[in-house]
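Residue numbers begin at 1 in each chain, while the letters A, B, ... track the order of the sequences. Only this structure's heavy atoms are used, side chains among them; waters, hydrogens and symmetry mates stay out.
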2 protein chains.
Amino acid sequence: MSLAYAFEDLGDPAQDGLADALMRHGVRMAFAKDEEIYAQEDGTEFVYAVVRGGVRTIRLMSDGRRQIGEFYYAGEVFGLEPGPERRYAAEALCECEVLVLKRSALRRLADDESLERAVWQATRRELERTQGHLMLLGRKTACERVASFLADMVERRGSGAVDLPMSRQDIADYLGLTIETVSRMLTQLQTSRIVEFAGCRHFQVRNHDALSRLAA
Amino acid sequence: MSLAYAFEDLGDPAQDGLADALMRHGVRMAFAKDEEIYAQEDGTEFVYAVVRGGVRTIRLMSDGRRQIGEFYYAGEVFGLEPGPERRYAAEALCECEVLVLKRSALRRLADDESLERAVWQATRRELERTQGHLMLLGRKTACERVASFLADMVERRGSGAVDLPMSRQDIADYLGLTIETVSRMLTQLQTSRIVEFAGCRHFQVRNHDALSRLAA
DNA sequence: CGATCGGTTGAGTCATCTCAACAGAGGTGG
DNA sequence: CCACCTCTGTTGAGATGACTCAACCGATCG
């Protein structure tokens with residue numbers, strides 16, 4: 001039986017095996033807002049799962065331009081990179097708790113072969129999300145990007161009201177836009193009665209059809 | 001001993017095991033320019049390697065906007081997606097030959113455990129390239145994108161003169177630009193004496209430092 | 001109560017796109 | 001072998017979506 005229920009939200013069922021192993025054997029760690037969980041040059045010997053809060057993975061260019069690779073929320077596994085060295089750093093979006101487990105420990109536990117399948121599936125999920133992100137950055141307009149982002153938040157973080165644990169700058173760096181453009185698109189979506197914000201980090205979808213049509 | 005030498009160019013050494021298995025057991029197929037190798041809805045039961053020519057993976061939006069995921073050249077493995085269904089279609093860039101092998105056959109051959117490592121490494125390479133692509137699309141200028149593309153071509157396709165097997169439209173859809181912008185940036189790089197074109201699909205780098213500085 | 005921080009809004013600029021004309025290469029048929 | 005056509009790529013002019021810079025606003029915190 002899965003222990004994933006112990007997370008704040010339920011994770012992707014495909015990750016249950018992994019989440020399970022992390023729950024059983026992982027070490028719980030707490031991080032402050034913006035604290036680094038691992039750096040870009042680090043090795044990849046640890047795997048993580050978010051218990052509470054949120055995490056971003058980031059990559060910097062020499063002149064400071066920043067790209068966010070992905071956001072991770074409660075119940076999701078992160079830090080599973082296939083190479084020996086981190087390509088992205090990971091940072092806490094807000095005060096948060098994560099579970100850490102050595103990959104070697106994971107491998108040792110892998111007599112249960114479903115675990116190996118779970119690692120593979122987590123990698124798959126990662127690649128698929130990245131590919132969707134590619135289309136977003138390469139071919140979508142600012143409005144479509146913001147709509148896609150909100151739709152994704154709703155899909156992942158549950159029904160009804162959703163709160164955004166990240167800043168506008170984080171959203172902008174995820175979508176390849178500026179904070180001003182993100183802000184404008186958000187107010188635009190709001191004036192078109194597609195979403196409604198109650199405070200700048202808390203929203204609700206008003207017109208799901210229109211939102212997913214925009215998200216394309 | 002690796003059979004990778006039998007490819008037109010040598011592949012990534014990390015893929016030798018895979019390339020080897022494909023050479024030994026794969027079926028050779030020929031495709032005409034623009035012919036589909038697999039479709040977006042297809043299953044992922046086959047793995048491929050390019051023997052001659054080039055391949056692109058593409059994804060379309062409902063209104064026709066196109067994003068190219070990656071280009072593959074002689075000696076490179078493609079079609080290794082972790083999920084059960086293709087997220088991108090693959091098409092021949094030009095008349096080309098590929099080797100095809102069932103993943104199940106690959107798995108059967110995997111008593112040689114280096115093969116499994118090779119599959120893992122190919123996936124790793126894929127993810128890493130996609131992550132670089134993400135930064136390119138999210139945060140680089142048109143000029144930097146084109147420079148990055150040319151630098152990548154030089155790195156992958158060898159020294160001295162390089163020829164581009166793909167159209168300007170392909171390059172544009174890879175870089176998230178229009179053909180006109182790609183063309184303008186190319187002439188700009190040429191007038192700054194950084195690269196030199198002899199015909200629109202054949203070029204040589206004149207100033208490697210400047211090119212990699214632009215590619216950032 | 002002032003300072004600071006994150007977010008919004010406005011005005012003007014700029015990079016890239018759109019639309020259109022043109023040019024060259026390659027293929028085809030006479 | 002030439003004339004023509006088509007296809008791909010280049011160039012130019014103008015439009016526009018997103019960016020930059022700056023002011024403002026509200027919340028939070030000392």
Whole angstroms only, please: what is the [atom1]-[atom2] distance between [X] and [N]?
X: Glu144(A); N: dA18(D); atom1: CD; atom2: C1'; result: 14 Å
X: Gln169(A); N: dT20(D); atom1: CD; atom2: C1'; result: 14 Å
X: Met166(B); N: dG9(D); atom1: CE; atom2: P; result: 11 Å
X: Asp170(B); N: dG9(D); atom1: CG; atom2: C1'; result: 13 Å

Do the side chain of [X] and the main chain of [Y] share a donor and acceptor less than 3.5 angstrom apart?
X: Ser183(B); Y: Ile179(B); answer: no
X: Gln40(B); Y: Arg87(B); answer: yes
X: Arg86(B); Y: Gly79(B); answer: yes
X: Arg157(A); Y: Asp163(A); answer: yes
X: Lys140(B); Y: Val146(B); answer: no
X: Arg168(B); Y: Cys200(B); answer: yes

Show every salt bridge (charged side-chain N to carboxylate O under 4.0 Å, His left out) that has at least one partner inside residues 170-192 of chain B, sequence neighbours left out. Arg139(A)-Asp173(B), Arg56(B)-Asp170(B), Arg66(B)-Asp170(B), Arg66(B)-Asp173(B)
Partners of Arg65(A) by salt bridge (charged side-chain N to carboxylate O under 4.0 Å, His left out), sequence neighbours excluded?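 With neighbours one apart ignored, the set is Asp63(A), Glu144(B).
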Which ones in residues 180-197 of chain B lie close to DNA chain C, meaning a heavy atom under 4.0 Å from one of its atoms? Glu180(B), Thr181(B), Arg184(B)
Counting only non-hydrogen atoms, which of residues 135-143 of chain B are less than 4.0 Å from DNA chain C?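 Under 4.0 Å from DNA chain C: Thr141(B), Ala142(B).
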Do you know which two heavy atoms are closest between Ala89(B) and Glu36(B), and how far apart they sit? CB-OE2, 4.3 Å
First and last nt of DNA chain C near chain B, cut-off under 4.0 Å to heavy atoms, 5' to 3', are dT16(C) to dC19(C)
Taking NZ, NE, NH1 and NH2 as the nitrogens, is one of them in Glu70(A) or Arg156(A) under 4.0 Å from a carboxylate oxygen of the other? yes
Under 4.0 Å, heavy atoms only, any strand: does [X] hit a base, just the sugar-phosphate, or nothing?
X: Arg145(B); value: nothing
X: Ile179(A); value: nothing
X: Gly176(B); value: sugar-phosphate

What's the verdict on side-chain contact (heavy atoms from CB on, under 4.5 Å) for Glu95(A) and Arg52(A), showing C-alpha distance, side-chain angles and the deciding distance? CA-CA 8 Å; Glu95(A) 197 187 312; Arg52(A) 192 173 52 81; 4.2 Å; yes
For Arg206(A), look at atom CZ and say whether over 12 heavy atoms of other residues, nucleotides or ligands are found less than 6.0 Å away.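 Atom CZ in Arg206(A) is not packed in, count stays at 12 or less.
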Testing Phe46(B), Tyr48(B), Phe31(B) for ring-ring contact (aromatic ring centres under 6.0 Å, His included) with Tyr38(B), which one passes?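 So, applying the ring-ring contact (aromatic ring centres under 6.0 Å, His included) to Tyr38(B) and each of Phe46(B), Tyr48(B), Phe31(B), only Tyr48(B) qualifies.
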Polar-atom pairs under 3.5 Å, protein N or O versus N or O of nucleotides 24-27 of chain D: list them with distances, or write none.
none

